[in-house]
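Inspection log for the structure reproduced underneath, given as structure tokens.
Both ligands and their constituent atoms are indexed starting at 1 by order of listing. Only a predicted model underlies this, so the values are computations on that prediction, with no experimental measurement involved.
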Amino acid sequence: MKILILYFSKTGHTLEAVNATAEGIRAAGSDADIVEVHDFEAAAVAGYGGIILASPCWSGSVTPWGVARPVLRALDGLQPDSLKGKRCGGISVHSKMGGKTTVKCLGNLLSGKGCEDYRPGPAAKAGVPFSLWTGPSVGAQDEERFKDYGAEFVA
Ligand SMILES: Cc1cc2nc3c(=O)[nH]c(=O)nc-3n(C[C@H](O)[C@H](O)[C@H](O)COP(=O)(O)O)c2cc1C
């Protein structure tokens, strides 16, 4: 199965999670393409069996949404049924807390585009509040969680 991992990352930490997830997918024998949201063309999803959205937690600790705006904008171009029949996932990173809210919200967004099979992934700690600068990386244990998630996603 070929998987699209669509991500935004201001200071690089979500990308760390994305790379680990892709490593897990590839180790399990599937293909993963990593696409930054600004390079995303909605028509491309037709070529994938699954899509994983990756967003840093933006206000997920204080609001019921928490997805980074560039990720929201990237989804605008998708038709409401464009993810029908596709396996979907979501992952996040946060500096303190709220990433689980982000992962939940990513599922709601994907459902709004026709996804009926959402598999929520990990949310891990990395970075600093408000992403003012590059902070601590995703830890080794969390990297393993993302790898395991990637492998399970394509099982
Ligand atoms: C607008 C904004 C809101 C944020 N809100 C939260 C939050 O609610 N909880 C939290 O733990 N971190 C929050 N952060 C910090 C990021 O989630 C954290 O720095 C993350 O590691 C950034 O990932 P990135 O390097 O992929 O952009 C916020 C950052 C920004 C820019």
Side-chain angles (χ1 to χ4, degrees), residues 2-28 30-42 44-45 48 50-78 82-83 86-113 115 118-154:
K2 196 171 170 192
I3 307 300
L4 168 66
I5 309 183
L6 183 61
Y7 80 98
F8 171 75
S9 186
K10 188 172 177 218
T11 48
H13 300 300
T14 304
L15 183 56
E16 294 163 6
V18 164
N19 285 332
T21 303
E23 203 179 316
I25 290 171
R26 291 171 186 146
S30 289
D31 290 335
D33 287 345
I34 298 172
V35 176
E36 206 272 346
V37 288
H38 297 97
D39 299 326
F40 174 61
E41 285 172 22
V45 295
Y48 293 93
I51 175 169
I52 296 175
L53 269 189
S55 171
C57 170
W58 275 16
S59 307
S61 52
V62 288
T63 71
W65 44 94
V67 174
R69 279 184 177 278
V71 175
L72 297 175
R73 278 198 292 269
L75 296 179
D76 279 349
L78 285 175
S82 49
L83 300 181
K86 297 193 191 292
R87 194 173 293 181
C88 296
I91 58 175
S92 184
V93 299
H94 55 212
S95 63
K96 284 197 164 158
M97 59 186 283
K100 276 191 180 172
T101 303
T102 305
V103 169
K104 192 172 167 201
C105 186
L106 290 171
N108 294 338
L109 291 167
L110 291 162
S111 300
K113 301 297 180 182
C115 165
Y118 182 60
R119 304 178 181 199
K125 201 167 179 302
V128 297
F130 297 106
S131 307
L132 293 172
W133 51 80
T134 302
S137 296
V138 170
Q141 270 189 338
D142 283 327
E143 248 181 25
E144 290 305 314
R145 288 169 64 218
F146 286 113
K147 282 184 203 168
D148 289 348
Y149 172 68
E152 281 161 23
F153 190 81
V154 292

**Study point:** Heavy-atom side-chain proximity of P136 to V128 below 4.5 angstrom
**Key:** yes
Practice item. Take atom NZ of K104 as the centre, draw a 6.0 Å sphere, and report whether it contains more than 12 heavy atoms from other residues, nucleotides or ligands. Key: no
Check your understanding: Do P70 and H38 come within less than 4.5 Å of each other through their side chains, counting heavy atoms only?
Key -> yes
Practice item. Drop me the distance from C88's SG to F153's CZ, to the nearest 0.5 angstrom. Key: 6.5 Å
**Study point:** ligand 1 N/O within reach of T14 N/O, cut-off under 3.5 Å
**Key:** yes
Check your understanding: Just distances here: any N/O of H13 and N/O of ligand 1 closer than 3.5 Å?
Key -> yes
Revision key, fill the gap. Note: heavy atom closest to atom 10 (C) of ligand 1, options R69, M97, E16, belongs to M97
Point to revise | Residue pair D33, Y48: steps toward the side-chain contact (heavy atoms from CB on, under 4.5 Å) verdict | key: CA-CA 9 Å; D33 287 345; Y48 293 93; 2.6 Å; yes
Point to revise | Closest protein heavy atom to atom 8 (O) of ligand 1, given as residue, atom name and distance to 0.1 Å | key: S61 OG, 2.6 Å
Study note, to complete from the structure: Atoms of ligand 1 under 4.0 Å from any heavy atom of V93, numbered from 1 in the order shown, are 17 (O), 20 (C), 21 (O), 23 (O)
Point to revise | Sub-3.5 Å N/O-N/O distance, F8 and ligand 1 | key: no
Study note, to complete from the structure: Nearest heavy-atom contact between S92 and F146 is O-CZ, 3.8 Å
Study note, to complete from the structure: For G60, the atoms of ligand 1 under 4.0 Å from one of its heavy atoms are 8 (O)
Check your understanding: Does D148 come within less than 4.0 Å of R145, counting only side-chain N to carboxylate O?
Key -> no
Check your understanding: Which pair of non-hydrogen atoms, one from A42 and one from G77, has the smallest distance, and what is that distance?
Key -> CB-O, 3.5 Å
Exercise for review: Return the residue, atom name and 0.1 Å-rounded distance of the protein heavy atom closest to atom 13 (C) of ligand 1.
Suggested key: C57 O, 3.3 Å
Check your understanding: Quick one: are T21 and I3 in side-chain contact, heavy atoms under 4.5 Å?
Key -> no
Revision key, fill the gap. the protein heavy atom lying closest to atom 19 (O) of ligand 1 turns out to be V128 O, 2.8 Å
Check your understanding: For atom 25 (O) of ligand 1, what is the nearest protein heavy atom, given as residue, atom name and distance?
Key -> T11 OG1, 2.4 Å
Check your understanding: Polar-atom distance check: P129 versus ligand 1, any N or O pair below 3.5 Å?
Key -> no
**Study point:** Side chain to side chain, V18 and S9, heavy atoms closer than 4.5 Å
**Key:** no
Exercise for review: List the steps, then state whether side-chain contact (heavy atoms from CB on, under 4.5 Å) holds for I52 with I25.
Suggested key: CA-CA 11 Å; I52 296 175; I25 290 171; 4.0 Å; yes
Revision key, fill the gap. When distances are taken from atom 11 (O) of ligand 1, the protein heavy atom at minimum range is K96 N, 2.6 Å
Check your understanding: Just distances here: any N/O of P56 and N/O of ligand 1 closer than 3.5 Å?
Key -> no
**Study point:** Test of proximity, G12 against ligand 1: N or O pairs below 3.5 Å
**Key:** yes
Practice item. Mind checking the CD1-CG spacing from I34 to D39? Nearest 0.5 Å is all I need. Key: 12.5 Å
Exercise for review: Any atoms of ligand 1 less than 4.0 Å from a non-hydrogen atom of A126? List them with their elements.
Suggested key: 18 (C), 20 (C), 21 (O)
Review point. Heavy atom under 4.0 Å from ligand 1: found in T134's side chain, backbone, both, or neither?
Key: neither
Check your understanding: For atom 27 (O) of ligand 1, what's the nearest protein heavy atom and its distance?
Key -> K10 N, 2.7 Å
Check your understanding: So which protein heavy atom does atom 22 (C) of ligand 1 come closest to, and at what separation?
Key -> S131 OG, 3.4 Å
Exercise for review: Tell me which protein heavy atom sits closest to atom 5 (N) of ligand 1, plus the residue, atom name and distance to 0.1 Å.
Suggested key: S59 N, 2.7 Å
